Every structure is written in structure tokens, then in C-alpha cells.
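Beneath this line is the structure, given in C-alpha cells, with notes to follow.
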Amino acid sequence: MSNQKNRKLLSGILSVLLAMQGISSLSPDALTHRRTEKSTHSTAAEDAFSITGGTVMTDITEGTPVIVKGIVTSAESFISVLTVGVYAADGTPVIEQTVLPNAPSYDLYAFDSSMSFNLLDAGEYCYRVTVSNMEYDDYVLVNQEFTVTPSDAPEDALTLTDGTIMTDIAAGTAVELKGTVLSAETPIISLTVGVYDLSGNLTAGVTIEPDGWYCNLNSLDDRIAFELLPSGEYYYNVTASNSTYQDLVLTNQKFRVLADVPATEETTAVSTAETTAVTAETTAAPGSDSPETTFVTTAITVEATTASTETSAETTATETTADTVSDTTAETTTETTASEPPQASGTETTDYQYKSITAKGVSVIPTLPEGSSFDLQGIVSCSKADMEALTALIYNAKGETVLSEDVWPAAASYDLQHLSLPFETLTAGSYSFKVFVSVQGSGALPVIYQTFDVTEGGTPVLPEDTLTLTGSTKIVDIVKGTPVSIAGTIRSAVSSITAVEVGVYDMDGNLVTGKTEQPDAKIYDLSQMDSSICFDLLDAGIYEYRITAGNAANPDTVLLSRSFSVLETAEPVEPDALVITDNPPILNMPFGARANSAGTVRSAQSAISRLTVGIYDMNGEPVCEQTVQPDTLTYDLNELNSEAMFSTLLPAIYEYRITADNATYPDKILVSQRFTVYAVCR
């Protein structure tokens with residue numbers, strides 16, 4: 001029996017089981033009702049739900065993954081229950097996940113890995129997000145119907161969806177990689193993304209071994225330097241292998257790099273919302289004498305963004321759509337001059353614009369002799385909000401970051417002359433200069449892009465043994481109980497990093513939560529400390545977030561020090577409340593997989609007398625349970641040995657439930673969510 005038939009058979013068995021248990025169809029109207037308004041709480045209009053950046057569902061083919069995203073916000077009271085699910089036409093839940101956020105907002109991306117759209121059989125479905133707060137019970141915030149159509153792809157197919165569509169680009173133009181490579185049944189063994197010349201020689205590219213069923217090509221974006229390609233004709237090629245297919249060509253697109261046109265971004269990535277059908281194409285790998293290979297890709301509708309360049313001394317750069325990275329490098333007609341080392345200066349300037357962000361009078365970096373310093377000029381500003389962060393980067397010809405600097409303007413504008421990038425340390429070669437800006441509610445937005453050369457003839461200044469921090473978490477005021485993810489990269493220029501300390505300190509300078517490591521390496525990723533910095537356990541008050549590092553030349557160097565506040569909850573807290581924090585949802589899993597209960601249960605006043613973690617069938621009968629009597633105010637669920645509970649589950653739908661008791665609340669349900677254990681067909 002084929003794997004596809006096995007999946008359909010399992011889906012049918014689960015549907016019958018659900019029907020036998022009396023799960024009936026529920027319309028969105030039946031799921032939504034408003035609580036009786038209480039004078040002690042805000043009105044429904046004041047306490048409304050909203051979602052930003054949410055997933056927009058369209059019809060998809062079997063095997064197509066969908067990214068679940070969007071920030072759900074409750075205007076005043078906390079979100080008490082949030083459910084994300086995919087439902088059959090009769091209302092039966094096919095995929096459903098529920099969490100108890102106890103927070104004013106929640107990022108739906110936390111559900112992404114457990115919402116297996118790629119496993120849906122052909123049919124009619126509904127994607128639904130349901131939320132509750134003090135005013136609303138089971139409010140249907142998102143309710144989108146979509147169809148899964150049969151796929152013509154063979155079993156264990158390798159597919160590329162939502163991929164970048166290459167068009168002719170100007171020299172110096174960066175291209176954002178997009179698309180998801182998916183293997184239907186066996187893990188992806190290798191994946192190569194490359195740019196080849198007409199002779200089949202690799203000009204720029206990368207090969208990885210994902211060892212998983214899917215890979216997002218955007219994660220490889222900074223490793224393919226399109227902006228460094230000289231003028232000419234090329235192929236953009238994506239090749240993958242799994243247990244069934246060896247070096248299968250998923251896309252092979254010819255494009256040109258043009259030398260004599262304004263440098264504008266004309267490459268548009270595929271939008272998930274525009275996917276219309278799966279089509280078969282035939283091609284051969286560049287420079288290959290092998291027979292033509294059939295592969296599967298996604299037919300799309302392309303929205304091209306063009307640019308118009310003014311002929312006056314002041315040039316307005318292209319403004320692009322939200323899905324297009326704008327690396328406009330329109331230049332004025334002013335001549336470029338450079339003085340002799342050690343100081344080089346550029347008299348030529350240009351302007352840039354991306355959405356509401358503008359950069360006026362930005363220095364055009366001239367060709368620099370080795371050892372020359374250079375002072376950047378220009379004003380970067382945002383018309384809609386203060387800029388949270390500004391990052392300046394310089395890449396070499398291999399796409400590697402050689403210089404970087406992060407600043408936090410906390411203002412609507414920033415003068416680039418305050419940057420202190422040591423151009424004098426650059427050796428002879430070609431480089432790219434980029435500036436990214438972050439504003440509230442956005443990621444890093446590309447604003448400035450230039451290329452320049454450093455020539456031989458001077459003497460590069462040896463870099464000092466400096467310590468630098470890039471990509472660090474931007475700490476802002478938080479509500480009590482809110483977790484914060486730690487991120488950032490520390491680099492040492494010459495010697496190894498001897499110590500890294502990340503900590504939160506009170507106003508007396510006492511360490512409240514933190515960790516110290518001795519990396520003995522030149523690069524250290526701060527995300528390795530994430531689980532040790534417990535922002536969610538901080539009491540209300542004012543704190544300092546501090547990152548300190550040391551190397552042979554600079555011991556105990558403070559790389560970041562920022563104050564922030566922990567605020568009391570917006571709603572009154574119950575006197576003896578039982579709460580759980582840092583509790584991720586249990587994801588859908590294959591038969592035999594292991595999972596862990598995680599999080600911290602806290603009681604406000606009286607001790608936790610009993611705590612139960614259990615897995616139950618759809619009749620409410622316990623499949624396995626663990627009960628403890630902590631007799632403490634807090635209990636860490638990691639102390640339970642819960643892995644074995646999940647590994648023994650047979651394919652079916654289950655409920656994962658955590659209940660606790662204290663002197664005020666007997667058998668209070670802290671977590672209740674459904675998850676699926678599915679069969680793995682070999």
C-alpha cells in the first residue's frame with residue numbers, strides 16, 4: 001500500500017473515531033458569543049481583539065506547507081484561551097492546538113511547526129483562530145475557507161514552493177531568497193542553491209545538509225551575494241536530494257546582470273497568497289550533459305516593481321512592495337574624489353527610501369586605498385515611528401560580515417556620522433555596505449546598499465583586539481510574567497573570548513537572573529543562554545539588562561547596558577492565583593516520538609498541594625498520568641520524567657492537561673490542548 005493511501009486511511013479512521021465521540025459541526029456564529037457585560041470590566045468595544053500580519057489562506061495542493069503567523073492582541077484584559085485549528089467541512093477538527101497565554105498578546109508563529117498543512121488530504125477545510133478574554137468567550141478572530149487539491153507529484157517528491165522568480169537585475173543589486181523545499185516522505189539529504197555562469201561554473205552558492213523534511217531558503221539569503229556578480233548571463237539553480245531522488249533540479253532560471261542601468265530591485269519573490277497551481281517543468285542542470293530532469297515547482301503571479309530615477313542632482317530611490325527587498329543605489333551626477341590616506345572622503349551623495357524610512361545625503365563610498373579611513377555622512381529617518389535599532393554591515397566578496405555596528409536611536413532620525421566603522425582595517429578587495437533599520441512591529445528593513453573597492457598600495461591598519469556585539473535582543477518594558485528571548489552574536493577580532501556574562505540586575509546592582517560562560521572561541525551565540533535568563537520570573541520594578549565579555553586584551557568589557565521596567569498586570573490578579581509560565585504547546589508528533597512537559601507552576605500565596613500532568617483520550621479517560629505533591633509555591637515541570645509518557649502513545653488524537661491544587665483552587669486546569677500522534681509510513 002502506498003504512503004499516500006496509508007495517510008488517507010489513517011485520516012479516515014480518525015474521522016470515524018471523532019464522529020463516534022459526538023463531535024458535531026459548529027459554525028463560526030455558533031462558536032462566538034459575548035459574555036454578559038460586567039460593570040467592573042471594560043466594554044467589548046474597548047476590549048476588542050485584533051491580529052496583525054496574520055496568515056492569509058488560499059487554495060493549496062497536497063503536500064504544500066503553510067507558515068502560520070500573526071500577532072493576536074487583546075485591547076485591555078489578558079488573552080485567557082487561544083486555539084488555532086484546521087477543520088473539515090463538517091466542523092471536525094483535523095489539526096487543533098490550544099494554549100492559555102495569560103498575556104495581552106500572543107505570536108501565532110509558536111504554532112507553526114505543529115500545524116502540518118502539508119499532511120492534509122485533498123478536500124475542503126477551514127482555518128480558524130479562536131480567542132477568549134474577560135469580555136469574550138471563543139471569539140472567532142480568523143475564519144478562512146480553503147481547498148486542498150490533489151497533487152500530481154510522485155511519492156517522496158521533492159518540491160519547491162513560493163520560490164524566488166529571477167528577472168534581469170542591475171549590477172550591485174541584492175536578491176532576497178525565498179521559497180520552501182519540501183520532501184514528501186524521507187529527509188532532505190543535501191540542498192544546493194547556486195548561481196552558475198553559462199559554462200556551468202559555480203559563481204556563488206552554498207550546499208547544506210538539512211537532515212529534515214523541509215528547508216526555508218530565506219535562511220541562506222546572506223550566503224548568496226547576487227550584488228557582487230559582474231555583468232553577464234547566469235542561471236539561478238536549486239538542487240536537492242533525498243532517499244529517492246539524487247540531485248533533483250527544482251528550479252533553473254536564466255537571468256542577466258546589467259551594467260548600464262540604474263541599480264534597482266526588480267526581482268519579486270513568490271507570495272504564498274498568489275500560489276495558483278503546481279506545474280511540471282523540464283530542464284537540465286547548468287553545464288550538465290545528463291538527460292533532462294522533471295521537477296515540480298509552483299506557478300505564480302508575479303508583481304514586478306520598477307523604478308524611475310530622476311535626472312536632477314537629487315535622486316529619489318525606488319519604493320517597493322512589502323515582499324521586495326529594496327537595495328536602490330541611485331546616484332547623483334556629482335564627481336567622486338578621494339584624498340590620500342589615511343583619510344579618504346567622498347563628495348558624492350545619494351538618497352534612499354524604503355516605505356516610511358528615508359536616507360538623505362548619504363555618502364557614496366569611493367574606491368579606497370588600503371589603510372584609508374572613511375567618515376560616513378547622511379541622515380536616516382522614519383516618518384511613522386521612532387527607530388528601535390539601526391545596523392550597519394560591511395560584507396566581503398564571499399558574503400562574510402567583516403565589519404558591523406549596532407545602534408539604538410530611540411528617535412525618528414539618526415546621523416550616520418556617529419558610526420565608527422574602521423574602514424582602515426579592510427584589505428584589498430570588493431565589499432558591500434548595507435544599513436538596516438528596525439521600527440516597532442517590523443523586522444530589519446533594508447535602507448542603504450552600496451558596493452565599493454579597496455585597492456592595494458596602502459598599508460591596512462591591523463585590527464585591534466576588539467569585542468563587538470551584533471543582533472542583540474532589544475529590551476523594552478514588559479508586563480510581569482512575560483518571557484524574553486535572548487539573542488545576539490559576540491565576536492572577538494583577534495584572541496578568543498574568555499568569558500561572557502548576560503544578566504539582569506536590580507537598581508542596587510545585584511544580579512537577579514543571569515549566566516556566565518567561557519566560550520574559548522572567537523564567536524559566541526547568546527541564544528545558547530536563553531533558557532537561563534528568566535525574565536518571566538521578575539517582580540515589578542526597574543532593572544538593568546547587561547552583557548559583559550572579555551578577551552586577552554579587554555577583560556570585563558560591557559557591550560550592552562540598558563534599563564527597562566517590569567510592569568504589573570493590566571488586570572487585577574486573583575489573591576491566591578495558580579498560574580503557569582514558559583509552557584510551550586505540545587506539537588503534533590509521529591508515533592514513537594518523545595516530548596517533554598515544560599514550564600513553571602506558581603501559586604501566589606498558599607502552597608501547591610497537588611499537581612497532575614496527564615494525557616487523555618477523546619472520551620476523557622486517562623491514558624497516562626503523573627501526580628506530585630510539591631508543598632511549595634513553585635514547581636518546575638522539568639522535574640517530571642514525562643518523555644516516556646509520549647513515546648508510548650498510539651496514533652490518535654489526545655488531550656494534554658495540567659491541573660493543580662492550592663488552598664483556594666482545587667483541580668484548577670492550567671493547560672488543556674489537543675494534539676495528534678500520527679503514523680509514519682515507510
Side-chain angles (χ1 to χ4, degrees), residues 78-80 82 99-107 110 472-488 500-517 526-548 560-585 596-611 613 628 630-640 642 658-665 668-671:
F78 279 13
I79 301 170
S80 56
L82 187 148
V99 292
L100 310 176
N102 191 30
S105 64
Y106 192 83
D107 189 348
S472 63
T473 299
K474 313 304 184 291
I475 300 297
V476 296
D477 293 347
I478 61 175
V479 176
K480 184 178 177 181
T482 303
V484 176
S485 294
I486 297 301
V500 173
E501 181 179 358
V502 178
V504 176
Y505 300 80
D506 61 21
M507 287 298 94
D508 295 326
N510 300 313
L511 180 66
V512 181
T513 178
K515 189 175 184 181
T516 300
E517 292 285 358
L526 293 179
S527 64
Q528 300 176 59
M529 292 188 177
D530 182 45
S531 61
S532 302
I533 317 297
C534 304
F535 285 84
D536 54 307
L537 299 182
L538 296 175
D539 293 328
I542 301 175
Y543 297 89
E544 177 195 3
Y545 174 60
R546 189 190 309 162
I547 300 175
T548 305
L560 176 65
S561 176
R562 298 197 70 187
S563 62
F564 67 99
S565 297
V566 176
L567 309 174
E568 288 288 358
T569 56
E571 294 293 325
V573 178
E574 301 165 88
D576 196 17
L578 275 166
V579 297
I580 185 169
T581 57
D582 199 21
N583 175 245
N596 266 320
S597 297
T600 302
V601 177
R602 291 184 291 165
S603 177
Q605 294 178 352
S606 61
I608 304 169
S609 56
R610 185 168 59 92
L611 186 146
V613 176
V628 293
D631 197 25
T632 58
L633 291 176
T634 63
Y635 185 81
D636 187 350
L637 292 177
N638 287 315
E639 295 182 23
L640 292 173
S642 57
I658 300 175
T659 58
D661 296 2
N662 64 8
T664 306
Y665 297 96
K668 182 171 182 178
I669 298 176
L670 302 178
V671 173

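Given the structure is predicted, the values throughout are model-derived calculations rather than measurements. All heavy atoms count here, side chains included; hydrogens, waters and symmetry mates do not.
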From [atom1] ([X]) to [atom2] ([Y]), nearest 0.5 Å:
{"X": "Glu501", "Y": "Arg546", "atom1": "CD", "atom2": "CZ", "answer": "7.5 Å"}
{"X": "Arg610", "Y": "Thr659", "atom1": "CZ", "atom2": "OG1", "answer": "6.0 Å"}
{"X": "Thr482", "Y": "Asn102", "atom1": "OG1", "atom2": "CG", "answer": "9.0 Å"}
{"X": "Asp530", "Y": "Ile486", "atom1": "CG", "atom2": "CD1", "answer": "6.0 Å"}
{"X": "Glu639", "Y": "Leu611", "atom1": "CD", "atom2": "CG", "answer": "10.5 Å"}
{"X": "Leu560", "Y": "Glu544", "atom1": "CG", "atom2": "CD", "answer": "9.0 Å"}

- Message: With a 3.5 Å distance limit and no angle check, can you tell me whether Asn662 reaches the backbone of Ala607 through a side-chain donor-acceptor pair?
- Response: no

Heavy-atom side-chain proximity of [X] to [Y] below 4.5 angstrom:
{"X": "Thr516", "Y": "Thr548", "value": "no"}
{"X": "Val613", "Y": "Leu637", "value": "yes"}
{"X": "Val512", "Y": "Tyr505", "value": "no"}
{"X": "Val504", "Y": "Thr513", "value": "yes"}
{"X": "Val601", "Y": "Ile608", "value": "yes"}
{"X": "Thr634", "Y": "Asp636", "value": "no"}
{"X": "Leu640", "Y": "Val628", "value": "yes"}
{"X": "Leu670", "Y": "Val579", "value": "no"}

- Query: Taking atom types as modelled, is there a side-chain donor on Ser606 or Asp576 under 3.5 Å from an acceptor on the other?
  - Reply: yes

Indicate the atoms forming the closest heavy-atom contact of [X] with [Y], along with that distance.
{"X": "Ile533", "Y": "Lys515", "answer": "CD1-N, 3.8 Å"}
{"X": "Ser80", "Y": "Pro101", "answer": "O-CD, 3.7 Å"}
{"X": "Lys480", "Y": "Val566", "answer": "CA-CG1, 3.6 Å"}
{"X": "Ser565", "Y": "Ile542", "answer": "OG-CG1, 3.8 Å"}
{"X": "Ala487", "Y": "Leu526", "answer": "O-CD1, 3.8 Å"}
{"X": "Leu567", "Y": "Ala540", "answer": "C-CB, 4.5 Å"}

- Message: Evaluate Ile478 against Tyr543 for side chain to side chain contact (heavy atoms under 4.5 Å, CB included), listing each step before the verdict.
- Response: CA-CA 11 Å; Ile478 61 175; Tyr543 297 89; over 6 Å; no

- Item | For Ser597, all residues meeting side-chain hydrogen bond (donor to acceptor under 3.5 Å, both in side chains), sequence neighbours excluded | Tyr656

- Item | Residues which pass side-chain hydrogen bond (donor to acceptor under 3.5 Å, both in side chains) with Asn510, listed by chain and number, not counting sequence neighbours | Asp506

- Message: Working note: Met529 + Val500, criterion side chain to side chain contact (heavy atoms under 4.5 Å, CB included); need CA distance, chi angles, decisive distance, verdict.
- Response: CA-CA 10 Å; Met529 292 188 177; Val500 173; 3.8 Å; yes

- Verdict with supporting geometry, Ile580 and Leu100, side chain to side chain contact (heavy atoms under 4.5 Å, CB included): CA-CA 9 Å; Ile580 185 169; Leu100 310 176; 5.8 Å; no

- Item | Ring centre gap for Phe535 and Phe564 strictly below 6.0 Å | yes

